[in-house]
Protein chains: 2
Amino acid sequence: MFHKVLVSDDLGSINQGVLTVLDSMSIKKVQQVQYCDDAYLRIKKAILDDAPYDLLITDLSFVADYREQQFASGEELVIALKKEHPELKIIVYSVEDRLQRVRSLMGTHNTNAYVCKGRRGLIELGKAIKAVSNDEIYVSPQVEQALSEKTNLEIDDFDIELVKLLSNGLSQDEISAHLKSNNITPSSLSSIEKRLNKLRIQFKANNAIHLIAIVKDLGLI
Amino acid sequence: MFHKVLVSDDLGSINQGVLTVLDSMSIKKVQQVQYCDDAYLRIKKAILDDAPYDLLITDLSFVADYREQQFASGEELVIALKKEHPELKIIVYSVEDRLQRVRSLMGTHNTNAYVCKGRRGLIELGKAIKAVSNDEIYVSPQVEQALSEKTNLEIDDFDIELVKLLSNGLSQDEISAHLKSNNITPSSLSSIEKRLNKLRIQFKANNAIHLIAIVKDLGLI
DNA sequence: TTTTGGTTTACGGTTTACCGTAAGGATATC
DNA sequence: GATATCCTTACGGTAAACCGTAAACCAAAA
């Protein structure tokens with residue numbers, strides 16, 4: 001079981017529940033922070049002091065305030081930490097239940113567990129901690145399909161960029177010009193049309209307006 | 001100060017924080033529920049028993065599960081309760097910070113306070129409870145403008161319906177047909193164009209796609 | 001009743017989106 | 001080196017959105 005745990009979550013009230021869970025598992029050394037940057041610095045310092053944390057439990061969304069932050073979201077924090085210290089176990093504990101996010105964190109960035117805050121969130125968090133301490137991964141039932149499903153969401157960054165530009169009010173012509181001026185390829189009007197057509201089919205959208213409404217609802221942009 | 005309080009929030013962990021606040025204010029009779037329907041029934045029963053609650057603190061978003069619910073959201077619960085029992089004080093405590101929602105709840109439905117969950121959420125909740133117990137209203141600073149601003153949102157239900165239909169993928173032609181078949185007037189293609197043009201100007205949108213993206217971000221649909 | 005202001009509807013013209021087809025180019029496979 | 005495959009680009013036709021103008025309609029004010 002873990003000995004030294006860091007909890008990162010900007011809502012003080014939720015932290016209380018997490019601390020209770022950790023306490024019930026007899027984990028004594030628990031610290032908490034409310035900013036991603038603080039989490040990063042603490043973990044770095046602990047490594048230098050030769051007393052590293054063996055588990056980080058972090059939220060994803062942190063409300064921005066007056067403090068300038070290097071890491072704007074828990075996602076960025078997780079990605080950076082897993083890159084620099086792959087041995088550090090990380091459990092994400094978030095209200096966010098969008099599959100795309102789970103897929104990215106668990107699949108690409110090797111997060112060890114993903115727990116959805118919710119009615120049974122704390123129970124699941126307990127399970128996650130046990131699983132991760134046994135070198136297993138854990139994801140909440142409601143987002144489990146994110147991993148099993150081989151949903152070929154072959155939507156790449158270019159597609160996302162495209163719909164973002166669209167939702168910002170640019171015409172397909174303007175998007176083409178924008179891509180050309182930024183030396184991004186493909187940039188022809190025809191290619192843009194093709195991509196959008198593919199996306200419309202993929203999301204079963206009747207037209208571009210419908211497409212934007214759908215991807216906004218899905219939280220892709 | 002209040003004597004009998006009901007807390008409604010589907011995230012058990014957050015409730016703990018709320019209970020702490022209430023406890024620190026020496027409010028002893030505190031019950032909590034995790035479903036809107038339970039909140040409604042409890043309040044009704046308490047009135048019948050001649051021991052009514054004098055404050056309800058409720059979240060807005062409740063994740064749906066296997067239980068069939070009459071009230072799908074805290075918003076519906078608040079509207080129903082305020083209609084049937086205007087004397088019951090209600091504090092909304094939600095992560096939702098869209099002005100339109102605050103405006104609706106506070107302006108139209110006479111909610112007594114609106115507190116945003118966040119880093120200072122519990123502090124503000126304390127202030128809100130004090131204010132409401134003095135027959136004042138309270139809203140979190142970050143959404144205060146929702147009330148002060150006399151934003152001439154001369155957007156009527158027809159406009160909202162229009163953008164909803166648009167975002168559902170209907171063409172202007174189809175919208176016209178839909179309105180005609182439902183005997184809603186105006187229904188001509190020309191009128192639809194005019195309305196949408198007005199909305200585009202109002203929201204500074206370049207085109208229909210942009211408009212939908214904007215109103216979705218504003219939470220109007 | 002007439003006037004006036006507003007809304008709804010109709011219509012024509014321009015721009016943009018949508019869709020299929022096909023040519024050009026790069027890379028991989030045999 | 002020839003062939004296949006995938007992606008990018010080009011083009012043309014149709015549909016839809018966009019935009020201005022004007023007529024028709026309605027209701028309140030004169």
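In what follows, chains are A, B, ... by sequence order, proteins preceding strands, each numbered from 1. If you're wondering where the values come from, they're calculated on a predicted model, not measured in any experiment.
- For the pair B:Ile212 CD1 and D:dA17 P, the interatomic distance rounds to 12 Å; values are reported in whole Å.
- If you take CD of B:Glu174 and P of D:dA15, they are 14 Å apart, rounded to a whole angstrom.
- Between D:dA16 and A:Asn207, no contact under 4.0 Å exists linking OP1 or OP2 to a side-chain N or O.
- Dashed line: the shortest gap from a side-chain N or O of A:Ser191 to OP1 or OP2 of D:dT8 is not under 4.0 Å.
- Applying the 4.0 Å criterion to OP1 and OP2 of C:dC18, one finds that A:Gln172 has a side-chain N or O inside that range.
- Mapped onto DNA chain C by nearest heavy atom, B:Ile209 and B:Lys194 fall at different nucleotides, with B:Lys194 at the one closer to the 5' end.
- Going from atom CG of A:Asp173 over to atom C1' of D:dC18 covers 15 Å, rounded to whole Å.
- An OP1 or OP2 oxygen of D:dC19 is reached within less than 4.0 angstrom by a side-chain nitrogen or oxygen of B:Arg200.
- Between B:Asn206 atom CG and D:dA17 atom P there is a gap of 17 Å when expressed in whole angstrom units.
- Atom CG of B:Leu199 and atom C1' of D:dA17 are 15 Å apart (whole Å).
- Considering only the side chain of B:Ser188, C:dT9 comes nearest among D:dT8, C:dA17, C:dT9.
- When the nucleotides D:dC11, D:dC18, C:dT9 are ranked by their closest atom to the side chain of B:Glu193, D:dC18 comes out on top.
- Not one N or O on the side chain of A:Asn206 forms a donor-acceptor pair closer than 3.5 Å with the backbone of B:Leu170.
- No N or O donor and acceptor, one from the side chain of B:Lys198 and one from the base of C:dT8, sit under 3.5 Å apart.
- Put simply, CG on B:Leu189 is 11 Å from P on D:dC18, counting in whole angstrom units.
- Rounded to whole angstrom, the span from the NE2 atom of B:His210 across to the P atom of C:dT16 amounts to 16 Å.
- Distances were taken from every side-chain heavy atom of B:Thr185 (C-beta onward) to each of D:dT9, C:dT9, D:dA16; the shortest belongs to C:dT9.
- The side chain of B:Ser190 contributes no N or O atom lying less than 4.0 Å from OP1 or OP2 of C:dT9.
- Side chain of A:Ser94 to main chain of A:Cys116: no donor-acceptor pair is present (N/O by atom type, distance under 3.5 Å, no hydrogens or angles).
- A cation-pi arrangement is present between B:Lys117 and B:Tyr93 under the rule of less than 6.0 angstrom and at most 45 degrees off the ring axis.
- B:Lys180 places its NZ atom 7 Å from the P atom of C:dA10, with the value rounded to the nearest Å.
- Exactly one residue among B:Tyr53, B:Phe71, B:Tyr35 makes a ring pair (Phe, Tyr, Trp, His ring centres under 6.0 Å) with B:Tyr40. That residue is B:Phe71.
- Between A:Lys44 and A:Glu84 there is a salt bridge, with a side-chain nitrogen of the basic residue lying less than 4.0 Å from a carboxylate oxygen of the acidic one.
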